[in-house]
Protein chains: 2
Amino acid sequence: MNFRLSCNKDNERCLFKKFKNKRQQAIAEREQELLCLAEKLMEEHGFSGLTMDKLVAACDYSKGTVYNHFSSKEDLICALCSKCMTLELELFARAITFDGNGRERVLAVCFAYWLHAVLNPTLFYCVLIAKTPAVAERASPARLEGQLALEMQLSDTCNSLFAAAVDSGDLPKPTGLPFEAFSFAAWATAFGTNALLQAASTSQLIKGLDAQQALLFNTNLLLDGMQWTPLSSQWDYQESWQRIGKELFAEELLTLKEKQPNPGI
Amino acid sequence: MNFRLSCNKDNERCLFKKFKNKRQQAIAEREQELLCLAEKLMEEHGFSGLTMDKLVAACDYSKGTVYNHFSSKEDLICALCSKCMTLELELFARAITFDGNGRERVLAVCFAYWLHAVLNPTLFYCVLIAKTPAVAERASPARLEGQLALEMQLSDTCNSLFAAAVDSGDLPKPTGLPFEAFSFAAWATAFGTNALLQAASTSQLIKGLDAQQALLFNTNLLLDGMQWTPLSSQWDYQESWQRIGKELFAEELLTLKEKQPNPGI
DNA sequence: CGTCAAGTTGACGATTCGTCAAAAAATGAA
DNA sequence: TTCATTTTTTGACGAATCGTCAACTTGACG
């Protein structure tokens, strides 16, 4: 039974929930409502503006009820982190359907990752902070479990792209290391680039670099290093990048333009 | 005068300080003392264990005095972040003296970066957290300025390696982008790898990967992608990595072994 | 010794966190 | 419907934390 719950076929899960107890569903909906509120609070009043007391004041429920959902402030942050990863997962699912070669699909995932980070800077930070011992230590076990499951789904999504590339021969197998090492490298580079660029907007250190350009550039370097064909010298990935934006994320890019009137250099 | 203070010739600065007011120096020393205490508190009681009240209780000074040093808790965290970067700077300075080719020196810097992150996990997290808007917003302007200066010194150190490589012809100039783009890519990859591996030790997601191996592997991929000669296929960088550890960081590696009895796989 | 600037102190009010006994609501049997 | 039982909700409360500030101490200097 436990096993069934943790499987990721949403239909089954929803049916199960609806059948057994509609009460539970109302609770789940309320949780989403609270999470949206929390996100809004964070966006408005900065990070430290997110307070349990404020959340209680902003919603129609009492403190006890809120604490029924989130066992602590840290648990709430982890919940936001999970929400973030769920959104990412959806974007990634769209990204890997991109009509192109394998490398382009990886770029599409990077595009999605970057887009999500820029559109939801607060949530992006939540993921960072949720990894922090202070937070992880105080979150509820159930929440951490859910988080781990999401992480695995995310990395599975990425791994599938690399596995396919190895199968098709576009990407030579690494010697002495599992092919997941490739996948991890790409993830680390994308993550590091996004994180530093987000932080850089604070510190204004790397002014000359456009975020999109930097991520595309860095990823291309890495994939070239893996000798994933076609190499960046043999293919116009700049154009692929544009095409990814147009064909997969037109709507999100529009939202982005509304948010930031001046879109880079 | 202001300019003189912000220059980085330590001698001048120290002399200036000592001459003008020995009182100031006592204060500076006390600040270091408080920072060490704060770090210890964080290590012992987890991240949220670091509390202004606890720091006050642990030291011999009153709350007001502590607040004379750090205008807020966030300011204290930023101070810890600066301490972290200062340590990194020292390690990097040692790294770039490595007796080898240019790529090896970059690896040495990566080695130093990794080593520092593993030896001071709490401080490493401070850097992450200090970038967070919540923290940056509430830190004192002076502190942020110092932090920025340190960041610039760090990136200058890295840039110098890449500039030298471009000059010597080992590294082809990037087309259409400043060569700092290379430096940034390496930084982002190293940062992302370290951060994810630190977090991974929490989430146990990437069990099969050894941290050192992963960082060496990822960096090599990236530098190969840049076509920085000699490529990893033409040179045994695994051996370079070992040599870096032996020749530059023997002492630190010993400390590491004492901390972690089981050194990877 | 007296004066004044600089530095120190810790009590204090304001927030925030998380708990828990009591009240309210939902459930189900008679 | 009625009433007992279980589940959920409530908000007052105590403990911890943050940051302030008026009073106090220190030490430099004439």
Side-chain angles (χ1 to χ4, degrees), chain A residues 17-31 33-34 37-38 41-42 44-80 129 132 134-143, chain B residues 17-31 33-34 37-38 41-42 44-80 129 132 134-143:
Chain A
K17 267 193 177 170
K18 271 178 188 163
F19 176 69
K20 184 61 187 171
N21 32 15
K22 45 189 165 185
R23 168 90 60 89
Q24 297 277 351
Q25 181 157 9
I27 290 180
E29 275 168 21
R30 193 172 54 192
E31 183 145 328
E33 186 192 337
L34 286 174
L37 251 175
L41 276 176
M42 226 164 64
E44 280 176 19
H45 305 121
F47 222 121
S48 44
L50 179 57
T51 294
M52 292 306 254
D53 278 10
K54 274 185 195 153
L55 181 58
V56 169
C59 73
D60 289 335
Y61 314 102
S62 74
K63 185 167 253 188
T65 301
V66 171
Y67 269 90
N68 260 5
H69 285 280
F70 313 107
S71 65
S72 68
K73 190 190 174 180
E74 284 74 17
D75 198 47
L76 170 62
I77 290 181
C78 278
L80 283 172
I129 292 177
T132 289
V135 176
E137 280 166 11
R138 313 204 58 216
S140 70
R143 186 85 56 192
Chain B
K17 267 190 177 172
K18 269 177 189 165
F19 177 70
K20 183 63 186 170
N21 33 15
K22 46 189 162 184
R23 169 90 59 89
Q24 296 278 352
Q25 181 157 9
I27 290 182
E29 274 168 22
R30 193 172 54 191
E31 183 145 327
E33 186 191 339
L34 287 174
L37 251 176
L41 277 176
M42 224 162 64
E44 280 175 19
H45 303 121
F47 222 123
S48 44
L50 179 57
T51 293
M52 292 305 256
D53 277 9
K54 274 185 196 153
L55 180 59
V56 168
C59 73
D60 289 334
Y61 314 102
S62 74
K63 185 167 254 189
T65 300
V66 172
Y67 269 89
N68 259 5
H69 284 280
F70 313 106
S71 65
S72 67
K73 191 188 175 182
E74 283 75 16
D75 198 46
L76 170 62
I77 291 180
C78 280
L80 284 172
I129 292 177
T132 289
V135 176
E137 281 166 12
R138 313 202 58 217
S140 70
R143 188 83 58 191

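Residue numbering restarts at 1 for every chain, and letters A, B, ... go by the order of the sequence lines.
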Length of the line joining B:Tyr67:OH and D:dG19:C1', which is rounded to integer Å: 5 Å
How many angstroms lie between CE in B:Met52 and OH in B:Tyr67, if you round to the nearest 0.5 Å? 4.0 Å
Strictly below 4.0 Å: does A:Asn68 bring a side-chain N or O up to OP1 or OP2 of D:dT9? yes
Interatomic distance, A:Leu50 CG vs C:dT15 C1' [rounded to whole Å]: 14 Å
So A:Arg30 and A:Ile27, do their side chains get closer than 4.5 Å, heavy atoms only? yes
Without swapping roles, check the side chain of B:Ser72 against the backbone of B:Arg138 for a donor-acceptor pair under 3.5 Å. yes
Got a second to check how far A:Glu74's CD is from A:Arg143's CZ, nearest 0.5 Å? 12.5 Å
Are the side chains of A:Thr132 and A:Glu137 in touch, meaning some heavy atoms are under 4.5 Å apart? no
Looking only at D:dT9, D:dT10, C:dG18, the nucleotide nearest the A:Arg30 side chain is D:dT9
Would you say a side-chain N or O of A:Arg138 is under 4.0 Å from OP1 or OP2 of C:dG18? yes
Given D:dT17, C:dG18, D:dG19, the nucleotide with the shortest approach to the side chain of B:Asp53: D:dT17
For A:Asp75 and C:dC17, give me the distance from atom CG to atom P, rounded to whole Å. 13 Å
Round to the nearest Å and state the distance from B:His69 atom NE2 to C:dT9 atom C1'. 14 Å
Within the structure shown, what part of the strands sits under 4.0 Å from A:Ser71 by heavy-atom distance: base, sugar-phosphate, or nothing? nothing
Atom pair distance, as rounded to whole Å: CG in B:Asp60 and P in C:dT8: 13 Å
Starting the side chain at C-beta, find the nucleotide from C:dT16, D:dT10, D:dG19 nearest to A:Thr65. D:dT10
base_contact_polar (C:dG18 base, A:Lys63 side chain, donor-acceptor, <3.5 Å): yes
Whole-Å distance, B:Lys54 NZ to D:dA15 P, equals 16 Å
If you check every side-chain atom of A:Ser62, which of D:dC18, C:dG18, D:dT9 has the closest atom? D:dT9
Rounded off to whole Å, could you give me the OH-to-C1' distance for the B:Tyr61 and D:dG19 pair? 21 Å
Value in whole Å for how far the P atom of C:dT8 lies from CZ of B:Phe70: 13 Å
